[in-house]
Protein chains: 2
Amino acid sequence: MSRKPPEEFTRPTQVTLAAVLQVRDGVLQVLLWQRARDPFRNAWALPGGVLAADETLEASIRRHLATKVDLAEVAHLEQVSTYGDPDRNPVEWEIATAYLGLVPLGVDPSVPKDTTWHPVDDLPPTGFDHGAIIHSARDRLRGKLSYTNIGFALAPATFTLTELRDVYTAALGYDVSATNLKRVLLRRGAIVPTGGRRDPGRAGGRPAEEFAYSDNALEVTDPFATLRPPE
Amino acid sequence: MSRKPPEEFTRPTQVTLAAVLQVRDGVLQVLLWQRARDPFRNAWALPGGVLAADETLEASIRRHLATKVDLAEVAHLEQVSTYGDPDRNPVEWEIATAYLGLVPLGVDPSVPKDTTWHPVDDLPPTGFDHGAIIHSARDRLRGKLSYTNIGFALAPATFTLTELRDVYTAALGYDVSATNLKRVLLRRGAIVPTGGRRDPGRAGGRPAEEFAYSDNALEVTDPFATLRPPE
DNA sequence: GGAGGTTTACGACTCATAGTCAAAAACTAG
DNA sequence: CTAGTTTTTGACTATGAGTCGTAAACCTCC
(Lines give C-alpha, C1' and ligand atoms only; values in the text may rest on other atoms or scores of the structure.)
Protein backbone atom coordinates (compact mmCIF):
# COMPACT_ATOMS: atom_id res chain seq x y z
CA MET A 1 0.00 0.00 0.00
CA SER A 2 2.89 2.37 -0.52
CA ARG A 3 1.63 3.50 -3.92
CA LYS A 4 0.50 7.11 -3.74
CA PRO A 5 -2.62 8.07 -5.62
CA PRO A 6 -1.76 9.81 -8.90
CA GLU A 7 -1.31 13.53 -8.53
CA GLU A 8 -4.47 14.06 -10.54
CA PHE A 9 -6.57 12.70 -7.73
CA THR A 10 -5.77 15.83 -5.77
CA ARG A 11 -7.14 18.17 -8.38
CA PRO A 12 -10.36 20.09 -7.86
CA THR A 13 -13.33 19.85 -10.17
CA GLN A 14 -13.71 23.03 -12.20
CA VAL A 15 -17.25 24.22 -12.78
CA THR A 16 -18.76 27.32 -14.32
CA LEU A 17 -21.89 29.03 -13.02
CA ALA A 18 -24.02 31.91 -14.23
CA ALA A 19 -26.21 34.42 -12.44
CA VAL A 20 -28.63 35.33 -15.23
CA LEU A 21 -30.46 38.51 -14.33
CA GLN A 22 -33.54 40.12 -15.81
CA VAL A 23 -35.98 42.82 -14.78
CA ARG A 24 -39.37 41.11 -14.38
CA ASP A 25 -42.44 42.64 -12.78
CA GLY A 26 -40.39 45.73 -12.04
CA VAL A 27 -37.90 43.78 -9.94
CA LEU A 28 -34.45 42.40 -10.69
CA GLN A 29 -34.67 38.62 -10.76
CA VAL A 30 -32.26 35.71 -11.15
CA LEU A 31 -32.75 32.37 -12.86
CA LEU A 32 -32.46 29.42 -10.44
CA TRP A 33 -33.18 25.71 -10.58
CA GLN A 34 -34.25 23.53 -7.71
CA ARG A 35 -31.94 20.68 -6.75
CA ALA A 36 -33.51 17.23 -6.56
CA ARG A 37 -30.55 15.53 -4.91
CA ASP A 38 -28.12 15.99 -2.06
CA PRO A 39 -26.22 17.99 -1.19
CA PHE A 40 -28.64 20.85 -0.68
CA ARG A 41 -31.61 18.81 -1.81
CA ASN A 42 -34.58 21.09 -2.58
CA ALA A 43 -32.44 24.20 -2.29
CA TRP A 44 -32.09 26.49 -5.28
CA ALA A 45 -28.91 26.75 -7.32
CA LEU A 46 -27.37 28.63 -10.22
CA PRO A 47 -27.23 26.99 -13.65
CA GLY A 48 -23.84 25.65 -14.63
CA GLY A 49 -21.73 22.52 -14.63
CA VAL A 50 -18.36 20.89 -15.05
CA LEU A 51 -15.76 22.29 -17.43
CA ALA A 52 -14.85 19.99 -20.32
CA ALA A 53 -11.26 19.43 -21.37
CA ASP A 54 -11.45 21.10 -24.74
CA GLU A 55 -13.49 24.20 -23.99
CA THR A 56 -12.86 27.67 -22.65
CA LEU A 57 -14.58 28.85 -19.50
CA GLU A 58 -16.97 30.99 -21.51
CA ALA A 59 -17.76 28.11 -23.86
CA SER A 60 -18.47 25.96 -20.84
CA ILE A 61 -20.94 28.34 -19.24
CA ARG A 62 -22.61 28.83 -22.62
CA ARG A 63 -22.97 25.08 -23.06
CA HIS A 64 -24.50 24.60 -19.63
CA LEU A 65 -26.72 27.65 -19.88
CA ALA A 66 -28.12 26.40 -23.16
CA THR A 67 -29.80 23.56 -21.27
CA LYS A 68 -31.79 26.11 -19.25
CA VAL A 69 -32.47 29.04 -21.58
CA ASP A 70 -32.10 29.96 -25.20
CA LEU A 71 -28.68 31.56 -25.39
CA ALA A 72 -29.88 33.96 -28.07
CA GLU A 73 -31.90 35.65 -25.36
CA VAL A 74 -28.89 36.31 -23.14
CA ALA A 75 -27.67 39.70 -24.35
CA HIS A 76 -24.57 39.96 -22.20
CA LEU A 77 -22.24 37.52 -20.47
CA GLU A 78 -19.15 38.42 -18.51
CA GLN A 79 -16.94 36.72 -15.97
CA VAL A 80 -17.32 38.04 -12.45
CA SER A 81 -15.25 36.05 -10.01
CA THR A 82 -13.91 32.62 -9.08
CA TYR A 83 -14.80 30.89 -5.83
CA GLY A 84 -12.34 28.39 -4.39
CA ASP A 85 -13.06 27.99 -0.71
CA PRO A 86 -12.29 24.32 0.02
CA ASP A 87 -15.47 24.08 2.10
CA ARG A 88 -17.80 25.62 -0.46
CA ASN A 89 -18.90 22.18 -1.62
CA PRO A 90 -19.37 19.70 1.25
CA VAL A 91 -18.88 16.55 -0.83
CA GLU A 92 -16.23 17.44 -3.35
CA TRP A 93 -13.35 19.81 -3.88
CA GLU A 94 -14.76 22.18 -6.46
CA ILE A 95 -13.70 25.52 -7.95
CA ALA A 96 -16.44 27.64 -9.49
CA THR A 97 -15.99 30.47 -11.96
CA ALA A 98 -19.08 32.68 -11.91
CA TYR A 99 -20.51 34.67 -14.80
CA LEU A 100 -23.06 37.46 -14.96
CA GLY A 101 -25.70 37.09 -17.68
CA LEU A 102 -28.30 39.66 -18.67
CA VAL A 103 -31.64 39.14 -20.44
CA PRO A 104 -33.50 42.12 -21.91
CA LEU A 105 -36.81 43.32 -20.54
CA GLY A 106 -39.86 41.75 -22.06
CA VAL A 107 -38.51 38.47 -23.37
CA ASP A 108 -39.82 35.44 -21.54
CA PRO A 109 -37.51 32.52 -22.24
CA SER A 110 -38.97 29.06 -21.93
CA VAL A 111 -37.25 27.23 -19.10
CA PRO A 112 -37.35 23.67 -17.75
CA LYS A 113 -39.86 22.69 -15.09
CA ASP A 114 -37.32 22.82 -12.26
CA THR A 115 -36.20 26.34 -13.20
CA THR A 116 -37.79 29.68 -12.36
CA TRP A 117 -37.02 33.34 -11.66
CA HIS A 118 -36.56 34.75 -8.16
CA PRO A 119 -36.12 38.35 -6.99
CA VAL A 120 -32.46 38.87 -6.08
CA ASP A 121 -33.51 40.76 -2.96
CA ASP A 122 -35.84 38.00 -1.82
CA LEU A 123 -34.10 34.71 -2.52
CA PRO A 124 -35.36 31.27 -1.55
CA PRO A 125 -32.93 28.99 0.33
CA THR A 126 -29.87 28.57 -1.89
CA GLY A 127 -27.21 25.89 -1.90
CA PHE A 128 -23.42 26.17 -1.72
CA ASP A 129 -22.26 29.80 -1.82
CA HIS A 130 -24.69 30.65 -4.60
CA GLY A 131 -26.44 33.30 -2.53
CA ALA A 132 -23.20 35.24 -2.19
CA ILE A 133 -22.44 34.77 -5.88
CA ILE A 134 -25.82 36.20 -6.84
CA HIS A 135 -25.27 39.26 -4.69
CA SER A 136 -21.84 39.95 -6.08
CA ALA A 137 -23.22 39.59 -9.61
CA ARG A 138 -25.92 42.10 -8.72
CA ASP A 139 -23.30 44.46 -7.31
CA ARG A 140 -21.22 44.14 -10.45
CA LEU A 141 -24.26 45.04 -12.53
CA ARG A 142 -25.06 48.03 -10.35
CA GLY A 143 -21.56 49.36 -10.51
CA LYS A 144 -21.29 49.01 -14.26
CA LEU A 145 -24.73 50.49 -14.93
CA SER A 146 -23.53 53.90 -13.84
CA TYR A 147 -20.29 54.09 -15.76
CA THR A 148 -20.72 51.83 -18.79
CA ASN A 149 -23.41 51.10 -21.35
CA ILE A 150 -24.12 47.65 -19.95
CA GLY A 151 -27.74 48.74 -19.49
CA PHE A 152 -28.39 48.01 -23.14
CA ALA A 153 -28.43 44.33 -22.25
CA LEU A 154 -31.32 44.82 -19.83
CA ALA A 155 -33.41 46.98 -22.16
CA PRO A 156 -35.47 45.77 -25.13
CA ALA A 157 -34.37 46.58 -28.67
CA THR A 158 -36.46 49.73 -28.70
CA PHE A 159 -37.91 51.46 -25.68
CA THR A 160 -39.38 54.65 -24.33
CA LEU A 161 -37.58 56.69 -21.75
CA THR A 162 -40.07 55.69 -19.11
CA GLU A 163 -39.43 52.03 -19.82
CA LEU A 164 -35.69 52.57 -19.64
CA ARG A 165 -36.05 54.53 -16.44
CA ASP A 166 -38.00 51.65 -14.93
CA VAL A 167 -35.27 49.21 -15.92
CA TYR A 168 -32.61 51.36 -14.29
CA THR A 169 -34.74 51.83 -11.20
CA ALA A 170 -35.28 48.11 -10.79
CA ALA A 171 -31.66 47.21 -11.42
CA LEU A 172 -30.16 49.95 -9.26
CA GLY A 173 -32.69 49.76 -6.47
CA TYR A 174 -33.27 53.51 -6.36
CA ASP A 175 -35.18 56.04 -8.41
CA VAL A 176 -33.57 57.78 -11.33
CA SER A 177 -35.08 60.77 -13.09
CA ALA A 178 -36.15 60.19 -16.67
CA THR A 179 -35.18 63.75 -17.56
CA ASN A 180 -31.67 63.32 -16.28
CA LEU A 181 -31.27 59.83 -17.69
CA LYS A 182 -32.20 61.06 -21.14
CA ARG A 183 -29.76 63.94 -21.06
CA VAL A 184 -26.93 61.77 -19.77
CA LEU A 185 -27.41 58.94 -22.24
CA LEU A 186 -27.96 61.27 -25.17
CA ARG A 187 -24.77 63.17 -24.44
CA ARG A 188 -22.86 59.93 -24.23
CA GLY A 189 -24.28 58.96 -27.59
CA ALA A 190 -25.53 55.77 -26.00
CA ILE A 191 -29.11 56.07 -27.21
CA VAL A 192 -30.61 57.48 -30.37
CA PRO A 193 -34.23 58.28 -31.24
CA THR A 194 -35.66 55.82 -33.75
CA GLY A 195 -38.09 58.43 -35.07
CA GLY A 196 -41.02 56.28 -34.07
CA ARG A 197 -43.63 56.85 -31.40
CA ARG A 198 -45.31 54.58 -28.94
CA ASP A 199 -49.08 54.37 -28.57
CA PRO A 200 -50.11 55.75 -25.23
CA GLY A 201 -51.73 53.21 -22.94
CA ARG A 202 -55.47 53.01 -22.52
CA ALA A 203 -55.21 55.66 -19.80
CA GLY A 204 -54.17 58.25 -22.37
CA GLY A 205 -51.20 60.53 -22.17
CA ARG A 206 -48.75 61.97 -24.63
CA PRO A 207 -47.26 59.29 -26.89
CA ALA A 208 -43.66 58.50 -25.97
CA GLU A 209 -40.70 58.91 -28.27
CA GLU A 210 -39.03 55.63 -29.15
CA PHE A 211 -35.30 55.13 -28.58
CA ALA A 212 -32.73 52.44 -29.27
CA TYR A 213 -29.21 51.89 -28.07
CA SER A 214 -26.73 53.14 -30.65
CA ASP A 215 -24.49 50.67 -32.43
CA ASN A 216 -21.33 51.70 -30.68
CA ALA A 217 -22.99 51.57 -27.29
CA LEU A 218 -22.26 47.87 -27.07
CA GLU A 219 -18.53 48.32 -27.21
CA VAL A 220 -18.22 51.16 -24.75
CA THR A 221 -16.89 49.90 -21.46
CA ASP A 222 -14.80 52.94 -20.55
CA PRO A 223 -15.91 54.59 -17.37
CA PHE A 224 -18.22 57.54 -17.64
CA ALA A 225 -19.14 59.85 -14.85
CA THR A 226 -21.47 58.40 -12.30
CA LEU A 227 -25.23 58.17 -12.05
CA ARG A 228 -25.78 58.73 -8.37
CA PRO A 229 -28.68 58.11 -6.02
CA PRO A 230 -30.98 61.12 -5.56
CA GLU A 231 -30.56 63.53 -2.64
CA MET B 1 -7.36 -2.41 -21.42
CA SER B 2 -10.99 -1.48 -21.09
CA ARG B 3 -10.47 0.30 -17.80
CA LYS B 4 -11.13 3.97 -18.20
CA PRO B 5 -8.84 6.36 -16.40
CA PRO B 6 -10.46 7.68 -13.23
CA GLU B 7 -12.53 10.76 -13.75
CA GLU B 8 -9.96 12.78 -11.88
CA PHE B 9 -7.49 12.36 -14.72
CA THR B 10 -9.65 14.69 -16.77
CA ARG B 11 -9.48 17.51 -14.28
CA PRO B 12 -7.40 20.62 -14.91
CA THR B 13 -4.64 21.78 -12.63
CA GLN B 14 -5.69 24.89 -10.74
CA VAL B 15 -3.01 27.52 -10.26
CA THR B 16 -2.99 31.03 -8.86
CA LEU B 17 -0.89 33.87 -10.27
CA ALA B 18 -0.23 37.43 -9.20
CA ALA B 19 0.70 40.54 -11.14
CA VAL B 20 2.44 42.53 -8.41
CA LEU B 21 2.74 46.16 -9.47
CA GLN B 22 4.82 49.00 -8.08
CA VAL B 23 5.88 52.44 -9.24
CA ARG B 24 9.67 52.35 -9.60
CA ASP B 25 11.82 54.98 -11.29
CA GLY B 26 8.64 56.85 -12.15
CA VAL B 27 7.26 53.92 -14.13
CA LEU B 28 4.71 51.22 -13.30
CA GLN B 29 6.54 47.90 -13.06
CA VAL B 30 5.61 44.27 -12.53
CA LEU B 31 7.46 41.53 -10.68
CA LEU B 32 8.49 38.64 -12.96
CA TRP B 33 10.75 35.62 -12.67
CA GLN B 34 12.69 33.99 -15.46
CA ARG B 35 11.85 30.38 -16.27
CA ALA B 36 14.75 27.94 -16.33
CA ARG B 37 12.80 25.04 -17.84
CA ASP B 38 10.47 24.28 -20.70
CA PRO B 39 7.87 25.23 -21.63
CA PHE B 40 8.83 28.84 -22.29
CA ARG B 41 12.40 28.33 -21.10
CA ASN B 42 14.09 31.71 -20.46
CA ALA B 43 10.81 33.55 -20.87
CA TRP B 44 9.49 35.62 -17.97
CA ALA B 45 6.47 34.57 -15.92
CA LEU B 46 4.24 35.74 -13.09
CA PRO B 47 4.79 34.35 -9.59
CA GLY B 48 2.29 31.72 -8.52
CA GLY B 49 1.73 27.98 -8.36
CA VAL B 50 -0.61 25.08 -7.86
CA LEU B 51 -3.58 25.32 -5.50
CA ALA B 52 -3.43 22.99 -2.50
CA ALA B 53 -6.44 20.97 -1.40
CA ASP B 54 -7.04 22.72 1.89
CA GLU B 55 -6.52 26.36 1.00
CA THR B 56 -8.56 29.15 -0.49
CA LEU B 57 -7.50 30.83 -3.70
CA GLU B 58 -6.27 33.86 -1.82
CA ALA B 59 -4.34 31.73 0.66
CA SER B 60 -2.76 29.97 -2.28
CA ILE B 61 -1.52 33.09 -4.00
CA ARG B 62 -0.26 34.41 -0.67
CA ARG B 63 1.68 31.21 -0.07
CA HIS B 64 3.29 31.29 -3.49
CA LEU B 65 3.99 35.00 -3.41
CA ALA B 66 5.75 34.61 -0.09
CA THR B 67 8.50 32.68 -1.86
CA LYS B 68 9.23 35.75 -4.01
CA VAL B 69 8.57 38.78 -1.82
CA ASP B 70 7.79 39.62 1.78
CA LEU B 71 4.02 39.59 1.93
CA ALA B 72 4.03 42.40 4.48
CA GLU B 73 5.15 44.67 1.67
CA VAL B 74 2.18 43.87 -0.54
CA ALA B 75 -0.38 46.44 0.54
CA HIS B 76 -3.28 45.25 -1.60
CA LEU B 77 -4.30 41.99 -3.19
CA GLU B 78 -7.45 41.37 -5.18
CA GLN B 79 -8.70 38.78 -7.61
CA VAL B 80 -8.89 39.98 -11.20
CA SER B 81 -9.87 37.18 -13.53
CA THR B 82 -9.61 33.48 -14.28
CA TYR B 83 -8.01 32.17 -17.48
CA GLY B 84 -9.13 28.80 -18.77
CA ASP B 85 -8.29 28.57 -22.44
CA PRO B 86 -7.41 24.88 -23.00
CA ASP B 87 -4.40 25.97 -25.10
CA ARG B 88 -2.97 28.46 -22.65
CA ASN B 89 -0.53 25.89 -21.33
CA PRO B 90 0.98 23.72 -24.10
CA VAL B 91 1.88 20.77 -21.87
CA GLU B 92 -0.92 20.54 -19.36
CA TRP B 93 -4.56 21.47 -18.90
CA GLU B 94 -4.33 24.32 -16.45
CA ILE B 95 -6.72 26.95 -15.10
CA ALA B 96 -5.17 30.11 -13.69
CA THR B 97 -6.83 32.58 -11.35
CA ALA B 98 -4.99 35.89 -11.51
CA TYR B 99 -4.60 38.43 -8.72
CA LEU B 100 -3.49 42.04 -8.71
CA GLY B 101 -0.97 42.96 -6.01
CA LEU B 102 0.26 46.45 -5.16
CA VAL B 103 3.47 47.49 -3.40
CA PRO B 104 3.86 51.05 -2.07
CA LEU B 105 6.33 53.50 -3.52
CA GLY B 106 9.76 53.46 -1.96
CA VAL B 107 9.94 49.98 -0.49
CA ASP B 108 12.44 47.73 -2.22
CA PRO B 109 11.62 44.14 -1.36
CA SER B 110 14.42 41.64 -1.53
CA VAL B 111 13.68 39.11 -4.26
CA PRO B 112 15.30 35.88 -5.46
CA LYS B 113 18.01 35.96 -8.09
CA ASP B 114 15.71 34.87 -10.89
CA THR B 115 13.17 37.61 -10.10
CA THR B 116 13.17 41.27 -11.11
CA TRP B 117 10.92 44.20 -11.95
CA HIS B 118 9.93 45.12 -15.50
CA PRO B 119 8.01 48.12 -16.82
CA VAL B 120 4.49 46.99 -17.73
CA ASP B 121 4.66 49.00 -20.93
CA ASP B 122 7.97 47.46 -21.98
CA LEU B 123 7.79 43.79 -21.10
CA PRO B 124 10.42 41.17 -21.93
CA PRO B 125 9.23 37.97 -23.69
CA THR B 126 6.62 36.39 -21.45
CA GLY B 127 5.37 32.81 -21.29
CA PHE B 128 1.85 31.43 -21.44
CA ASP B 129 -0.77 34.22 -21.48
CA HIS B 130 1.01 36.16 -18.77
CA GLY B 131 1.49 39.21 -20.97
CA ALA B 132 -2.27 39.54 -21.38
CA ILE B 133 -2.79 38.95 -17.66
CA ILE B 134 -0.36 41.75 -16.80
CA HIS B 135 -2.16 44.16 -19.07
CA SER B 136 -5.56 43.37 -17.68
CA ALA B 137 -4.20 43.80 -14.16
CA ARG B 138 -2.84 47.19 -15.18
CA ASP B 139 -6.21 48.11 -16.67
CA ARG B 140 -7.97 47.08 -13.50
CA LEU B 141 -5.64 49.28 -11.49
CA ARG B 142 -6.17 52.24 -13.81
CA GLY B 143 -9.91 51.94 -13.68
CA LYS B 144 -10.05 51.66 -9.92
CA LEU B 145 -7.60 54.50 -9.35
CA SER B 146 -10.12 57.01 -10.58
CA TYR B 147 -13.15 55.84 -8.65
CA THR B 148 -11.82 54.14 -5.52
CA ASN B 149 -9.08 54.77 -2.97
CA ILE B 150 -6.96 51.91 -4.23
CA GLY B 151 -4.15 54.42 -4.74
CA PHE B 152 -3.32 54.18 -1.06
CA ALA B 153 -1.66 50.86 -1.77
CA LEU B 154 0.75 52.44 -4.25
CA ALA B 155 1.70 55.38 -2.02
CA PRO B 156 4.01 55.31 0.99
CA ALA B 157 2.61 55.70 4.49
CA THR B 158 3.16 59.46 4.36
CA PHE B 159 3.77 61.50 1.28
CA THR B 160 3.75 64.94 -0.21
CA LEU B 161 1.27 65.90 -2.87
CA THR B 162 3.99 65.98 -5.48
CA GLU B 163 4.97 62.43 -4.61
CA LEU B 164 1.36 61.31 -4.79
CA ARG B 165 0.90 63.10 -8.08
CA ASP B 166 3.92 61.28 -9.48
CA VAL B 167 2.48 57.94 -8.36
CA TYR B 168 -0.84 58.65 -10.07
CA THR B 169 0.92 59.87 -13.18
CA ALA B 170 3.02 56.73 -13.44
CA ALA B 171 0.13 54.39 -12.75
CA LEU B 172 -2.36 56.12 -15.03
CA GLY B 173 0.04 56.91 -17.83
CA TYR B 174 -1.05 60.53 -18.09
CA ASP B 175 -0.45 63.73 -16.18
CA VAL B 176 -2.68 64.73 -13.32
CA SER B 177 -2.59 68.13 -11.67
CA ALA B 178 -1.43 68.21 -8.07
CA THR B 179 -3.85 71.04 -7.33
CA ASN B 180 -6.80 69.09 -8.58
CA LEU B 181 -5.70 65.82 -7.04
CA LYS B 182 -5.43 67.46 -3.63
CA ARG B 183 -8.88 69.00 -3.81
CA VAL B 184 -10.49 65.78 -5.02
CA LEU B 185 -8.88 63.53 -2.43
CA LEU B 186 -9.44 65.98 0.39
CA ARG B 187 -13.11 66.28 -0.43
CA ARG B 188 -13.44 62.52 -0.50
CA GLY B 189 -11.79 62.41 2.88
CA ALA B 190 -9.25 60.00 1.44
CA ILE B 191 -6.18 61.89 2.62
CA VAL B 192 -5.49 63.96 5.71
CA PRO B 193 -2.58 66.27 6.54
CA THR B 194 -0.29 64.77 9.16
CA GLY B 195 0.75 68.21 10.36
CA GLY B 196 4.35 67.50 9.47
CA ARG B 197 6.48 69.06 6.76
CA ARG B 198 9.05 67.66 4.41
CA ASP B 199 12.53 69.13 4.09
CA PRO B 200 12.91 70.72 0.71
CA GLY B 201 15.51 69.07 -1.46
CA ARG B 202 18.98 70.52 -1.86
CA ALA B 203 17.65 72.65 -4.70
CA GLY B 204 15.55 74.60 -2.22
CA GLY B 205 11.87 75.35 -2.58
CA ARG B 206 9.01 75.63 -0.17
CA PRO B 207 8.79 72.65 2.20
CA ALA B 208 5.94 70.33 1.29
CA GLU B 209 3.05 69.49 3.54
CA GLU B 210 2.93 65.87 4.57
CA PHE B 211 -0.21 63.79 4.02
CA ALA B 212 -1.35 60.29 4.83
CA TYR B 213 -4.29 58.20 3.66
CA SER B 214 -7.09 58.34 6.18
CA ASP B 215 -8.08 55.22 8.05
CA ASN B 216 -11.37 54.75 6.30
CA ALA B 217 -9.76 55.20 2.90
CA LEU B 218 -8.87 51.54 2.84
CA GLU B 219 -12.46 50.40 2.98
CA VAL B 220 -13.90 52.76 0.42
CA THR B 221 -14.64 50.91 -2.77
CA ASP B 222 -17.76 52.77 -3.80
CA PRO B 223 -17.42 54.55 -7.09
CA PHE B 224 -16.54 58.21 -6.99
CA ALA B 225 -16.65 60.53 -9.93
CA THR B 226 -13.89 60.10 -12.39
CA LEU B 227 -10.39 61.50 -12.64
CA ARG B 228 -10.07 62.10 -16.33
CA PRO B 229 -7.15 62.74 -18.66
CA PRO B 230 -6.42 66.44 -19.20
CA GLU B 231 -7.82 68.39 -22.16
C1' DG C 1 -66.21 69.33 -29.01
C1' DG C 2 -64.77 70.93 -24.54
C1' DA C 3 -63.17 69.62 -19.72
C1' DG C 4 -60.46 67.07 -16.93
C1' DG C 5 -57.06 63.52 -16.36
C1' DT C 6 -52.73 61.34 -17.73
C1' DT C 7 -48.27 60.81 -19.54
C1' DT C 8 -44.25 62.54 -21.87
C1' DA C 9 -41.08 66.27 -23.33
C1' DC C 10 -38.63 70.43 -22.70
C1' DG C 11 -36.36 74.29 -20.71
C1' DA C 12 -34.61 76.95 -16.73
C1' DC C 13 -32.31 76.90 -12.65
C1' DT C 14 -29.09 75.19 -9.20
C1' DC C 15 -25.39 72.47 -7.47
C1' DA C 16 -21.29 69.65 -7.27
C1' DT C 17 -17.14 68.13 -9.29
C1' DA C 18 -13.28 68.94 -11.91
C1' DG C 19 -9.56 71.36 -14.89
C1' DT C 20 -6.58 75.57 -15.51
C1' DC C 21 -3.84 79.26 -14.33
C1' DA C 22 -1.47 82.80 -12.07
C1' DA C 23 0.22 84.70 -7.97
C1' DA C 24 1.80 84.21 -3.28
C1' DA C 25 4.45 81.67 0.14
C1' DA C 26 8.47 79.38 1.95
C1' DC C 27 12.53 77.68 1.43
C1' DT C 28 18.05 77.28 -0.45
C1' DA C 29 22.24 78.98 -2.38
C1' DG C 30 25.29 82.45 -3.36
C1' DC D 1 19.70 90.66 0.09
C1' DT D 2 18.70 88.58 -4.40
C1' DA D 3 17.76 85.02 -7.58
C1' DG D 4 16.04 80.50 -8.22
C1' DT D 5 13.06 76.54 -6.91
C1' DT D 6 9.15 74.21 -5.27
C1' DT D 7 4.75 74.11 -3.00
C1' DT D 8 0.38 76.15 -1.82
C1' DT D 9 -3.65 78.79 -2.49
C1' DG D 10 -7.51 81.03 -4.55
C1' DA D 11 -10.00 82.61 -8.52
C1' DC D 12 -12.05 81.47 -12.65
C1' DT D 13 -14.19 78.36 -15.93
C1' DA D 14 -16.23 74.25 -17.82
C1' DT D 15 -19.04 70.37 -17.52
C1' DG D 16 -21.90 66.94 -15.81
C1' DA D 17 -25.81 66.10 -13.04
C1' DG D 18 -30.26 66.77 -10.07
C1' DT D 19 -34.77 69.23 -9.60
C1' DC D 20 -38.80 71.36 -10.83
C1' DG D 21 -42.35 73.65 -13.26
C1' DT D 22 -44.67 74.13 -17.49
C1' DA D 23 -45.97 72.93 -22.10
C1' DA D 24 -47.35 69.36 -25.31
C1' DA D 25 -49.97 65.43 -26.86
C1' DC D 26 -52.89 62.02 -26.07
C1' DC D 27 -57.23 59.66 -23.79
C1' DT D 28 -62.16 59.32 -21.97
C1' DC D 29 -66.34 61.09 -20.57
C1' DC D 30 -69.98 64.16 -20.68
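Numbered from 1 within each chain, the chains take letters A, B, ... in sequence-line order.
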Checking contacts here: which listed nucleotide ([options]) is nearest the side-chain heavy atoms of [X]?
| X | options | answer |
| --- | --- | --- |
| Ser177(A) | dT8(C), dT8(D), dT19(D) | dT19(D) |
| Pro207(A) | dG16(D), dA25(C), dC26(D) | dC26(D) |
| Asn180(B) | dA26(C), dA9(C), dA18(C) | dA18(C) |
| Glu209(A) | dA18(C), dT6(D), dC10(C) | dC10(C) |
| Val184(B) | dG16(D), dA18(C), dA26(C) | dA18(C) |

[N] [atom2] sits how many Å from [X] [atom1], rounded?
| X | N | atom1 | atom2 | value |
| --- | --- | --- | --- | --- |
| Glu210(B) | dT6(D) | CD | P | 19 Å |
| Arg206(B) | dT7(D) | CZ | P | 10 Å |
| Leu164(B) | dT6(D) | CG | C1' | 17 Å |
| Leu181(B) | dT20(C) | CG | P | 13 Å |
| Leu186(B) | dA16(C) | CG | P | 18 Å |
| Glu163(A) | dT7(C) | CD | P | 14 Å |
| Ile191(B) | dT8(D) | CD1 | P | 10 Å |
| Phe159(B) | dT6(D) | CZ | P | 21 Å |

Task: Thr179(B) (side chain) and dT9(D) (base): donor-acceptor pair under 3.5 Å - done: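 By the distance-only test, yes, there is a pair.
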Open item on the list: Any donor-acceptor pair, under 3.5 Å, between the side chain of Arg183(B) and the base of dG19(C), if you only look at N and O atoms?
Closed with: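 Check passes, donor-acceptor contact within cut-off.
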Open item on the list: Is the phosphate of dG16(D) approached by Arg187(A) (side-chain N or O, under 4.0 Å from OP1 or OP2)?
Closed with: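 Looking at the OP1 and OP2 atoms of dG16(D), one of them is under 4.0 Å from a side-chain N or O of Arg187(A).
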Task: Distance below 4.0 Å between Lys182(A) side-chain N/O and dT8(C) OP1 or OP2 - done: no
Closest heavy-atom pair and its distance - [X], [Y]:
| X | Y | answer |
| --- | --- | --- |
| Ile133(A) | Leu46(A) | CG2-CD1, 3.6 Å |
| Val192(A) | Ser214(A) | CG1-CB, 4.0 Å |
| Val103(B) | Trp117(B) | CG2-CH2, 4.3 Å |

Task: Pair Arg197(B) + Glu210(B): basic N to acidic O under 4.0 Å - done: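 No, this pair does not count.
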Only distances under 3.5 Å count here; give the side-chain donor-acceptor pairs of residues 104-116 of chain A to other protein atoms, sequence neighbours excluded, each with its distance to 0.1 Å.
from      : atom 1 : to        : atom 2 : distance (Å)
Asp108(A) : OD1    : Arg24(A)  : NH2    : 2.3
Thr116(A) : OG1    : His118(A) : NE2    : 3.1

